[in-house]
Amino acid sequence: MGFLTLEGVSKVYGGLAAVRDVDLAVARGEFVSLLGPSGCGKTTTLQMIAGLVEPTAGRIGLDGRDITREKPNRRGLGVVFQSYALFPHMTVAENVAFGLEMRKVPRAERDRRVAEMLALVHLANLAERYPRQLSGGQRQRVAIARALVIAPPVLLLDEPLSNLDAKLREEMQFELRRIQRSVGTTTIMVTHDQAEALSISDRVVVMEAGRMTQIDAPYRLYEQPATAFISTFVGKMNRLAGVWGDGGVAVAGTVLASAPADVAAGTAVTAWIRPEKLHLRPMGEGRLAGRVASRFFLGGHWLLTVGTEAGDILVSVPNTGEEPAREGEPIGLDWEPASLRVEAGAGAAA
Amino acid sequence: MQKNGPVALLFHALVVAFVLAPLVVICLVAFTPENTLTMPTTAFSLRWFRAVFEHPDFVTAFGNSLWLATIAASISVAIAVPAGLAIDRYRFPGRDALNGLFLSPLIIPHLVLGVAFLRLFALIGATGSFAWLVLSHVIIVTPYVLRLVLAALSGLDRSAEQAAMTLGASRFTVFRRVTAPMILPGISGGWLIAFINSFDELTMSIFVTSPATVTLPVRMYMYATESIDPMMAAVSALMIALTALAMLALDRVFGLDKILVGEK
Ligand SMILES: Nc1ncnc2c1ncn2[C@@H]1O[C@H](COP(=O)(O)OP(=O)(O)OP(=O)(O)O)[C@@H](O)[C@H]1O
Ligand SMILES: [Mg+2]
C-alpha cells in the first residue's frame, strides 16, 4: 500500500549506527518531512532512498519493486541537494535539460519541457545564465526544476531552504508546496526547522539518534508528542516537574491537575503545557500565581516569561491591540485541565 | 581582500622587477646589431633572429623540443587524470605508495635521472630513440600534472556528480559531462606546466638525447659552451615570447588565478 517503503533499514558507519532499523511507508502524492537535530541520520536516510548510500540492512521498495540494490541512475528519483549541486559549466537551461538528455528525449520535446519547467519556477528569463550569475533562491529553483523536469515518481529534498533568508524561505515553502500539488509528486523533505516541517507537510517523521520516534500529521505531532524530546523540539513547551500526591499532581506544593490513573502515589511526574494554552488572569485568580519576569513583542503575539513557584513558565498572549501585563506585575495563570499533559517519571527532556 | 600598504607595494614592485629584469635585458640584447652580448645603443637589428633561422640544427632542435614537449605533456595528462581520480576517490592498498611513486621524480635530481636513463637506454639498446626520450620526459613532468589534477579534484563539489547520477548518467557519462569539465582548468594548467617543464629541461636531456633527437636547450647549451654571441639571446627571446603567448592563451580561456591559485 505504501508507494515508497523502508523496511528495517539501517546504516552503520564503522561500528556507529547512523540510521537504526527504520520503517516508513509513504503514500503516492504525499509530502513527508524528516525532522530532527543535526547528526540524527536524516541525510543518510534520504541518500539511501536516492541510492547514493548503500544500506547496511533492510529493504527499500518503490511502487512494489525492490530498489535496495539499484544504482541511483536507474531509480529515476528527483534529488535536490542541500548545496544545490548545479553544474557550474552549464547554463540554467542546460542544467534543467540534463536529465532529459540522459533519457534521450528528442530535442524539440526537451526544449519544450525545459521551458515549461522554467516557467513553473519563474525562471524563464534567466535560462541562458550560468549558476554563478544567480542568487541563492534562484539556484534553489533551478535545482528544483532540474529534479522535477524528469517527472520523477519521488522527489527527495535535503534541507532545500536552509540557506535562504526568512522571507525568501517562506515564499519558497509556498512555491514548493504549490509545485508539489500541481505536479502531484510524492515528496520527502529533510529539514531541521520544525516550523517548516509543520507548515509544509502532510506528515512529519521525527528522527532522534538514527531512529524514527514519531510519524504523524503535523497537528497531532504538536498536540501529542510521543517523546519528551519531541515535546521540546517541536514548538515551545513548558515542563513542570511534580509529585503525584493527595488529590492530584503537586508542583512545588500547588495541586495543578488530577494524576493519570496508572501512577502510584508519591512518584515523580512531569507536566507539560504549551505557552499558548495558558491564559493570563488578574492577580489572585487562576490556578497558579506568578510575576511577569520578561516580555517580548513578536507581532502576532506576546511571549511572557512568568516566574512562579513551579519555575519559569512561558506564556503566549495573542496580540489584541492592548498591552498585556508589564514586567514585574503580579498575575494569575489559568488553563483548561485537558491541555496539561501529565506523564510518569522525571521526564528527563531527552 | 585587504589593500596593500605602500611598503608592501614597493616590495612587490621590487620582486617583480628582480624577476623580470633578466628577461627584459635578454630580449633587448637579442636586437643588438653588434657581435657581442651588449644592449643595443644606436640601432635595433633583426640580424641575430635571422641567424637563428640560418642554423638548420637550431630549427630542427626547436621542432624536436616542440614535439617532445607536446607529446610528453599529453601523455602525462592521460596518466595523471586517471591516477588522480584513483588516488582522490578510492582507498586501496598501495594508494600512498602510488602517490609517492608518482611524485618521486620531483625530488630526484635530474642529473641522477639522466645518468640512470643513460645506463638503462644503453642496456636495452634504446640510445637515441625519440620514443624513449619522450618516456623520460613523461616521467619528470607527470608529478606536476598530478599535483594540479589532485588539487582540482579535492576542490570539486562531489554532489554535482551525485546529482548527475540521480538524473540518469552512467559513471562514464558523469566523468565526461560533469567531472572532466569541472576539473578542466586544472588539467589544462597541468598540461601547460608539463609542456613548459619538458620544453626547457636540460640537465637530464643532455644525457638521453642523441644528435638526431637533440632538444633546443641541449643545442643551446652545446652552442654556448663553444661561443657566446647574441644569437643565444635571440633564441631565448623567442622562447620567452612562446611561453608568454601560451600563458596568455590559458589566461584568456580559464584565468590563471583559478588554475594556479585555485581561486573561484
Ligand atoms: N560517510 C560517513 N562516514 C562516517 N560517518 C558518517 C558518514 N556520513 C554520515 N555519518 C555519520 O552519521 C550520522 C548521521 O549523519 P547525517 O548526515 O545523516 O545527519 P543529518 O541528520 O543529515 O544531520 P544534519 O542536520 O547536520 O545534516 C552522523 O553522526 C554522521 O557523523
Ligand atoms: Mg544532513
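In what follows, chains are A, B, ... by sequence order, proteins preceding strands, each numbered from 1. These figures come from a predicted structure and were not determined experimentally.
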| query | Where along residues 158-173 of chain B does a heavy atom come under 4.5 Å of chain A, listed by residue number? | reply | B:Ser159, B:Ala160, B:Gln162, B:Ala163, B:Ala164, B:Met165, B:Thr166, B:Leu167, B:Gly168, B:Ala169, B:Ser170, B:Thr173

| said: Please classify the contact of A:Arg132 with chain B as side chain, backbone, both or neither, using a heavy-atom distance under 4.5 Å. | reply: neither

| Can you name the residues of residues 82-104 of chain A that have some heavy atom under 4.5 Å away from a heavy atom in chain B? | A:Ser83, A:Ala85, A:Leu86, A:Phe87, A:Pro88, A:His89, A:Met90, A:Phe98, A:Gly99, A:Glu101, A:Met102, A:Arg103

| task | Might you confirm whether atom CZ of B:Arg91 has over 12 heavy atoms from other residues, nucleotides or ligands at distances under 6.0 Å? | result | yes

| query | Measuring heavy-atom distances to chain B, does A:Ile150 have an atom under 4.5 Å in its side chain, in its backbone, in both, or in neither? | reply | side chain

| said: Counting only heavy atoms from other residues, nucleotides and ligands, does the tally under 6.0 Å from CZ of A:Arg74 exceed 12? | reply: no

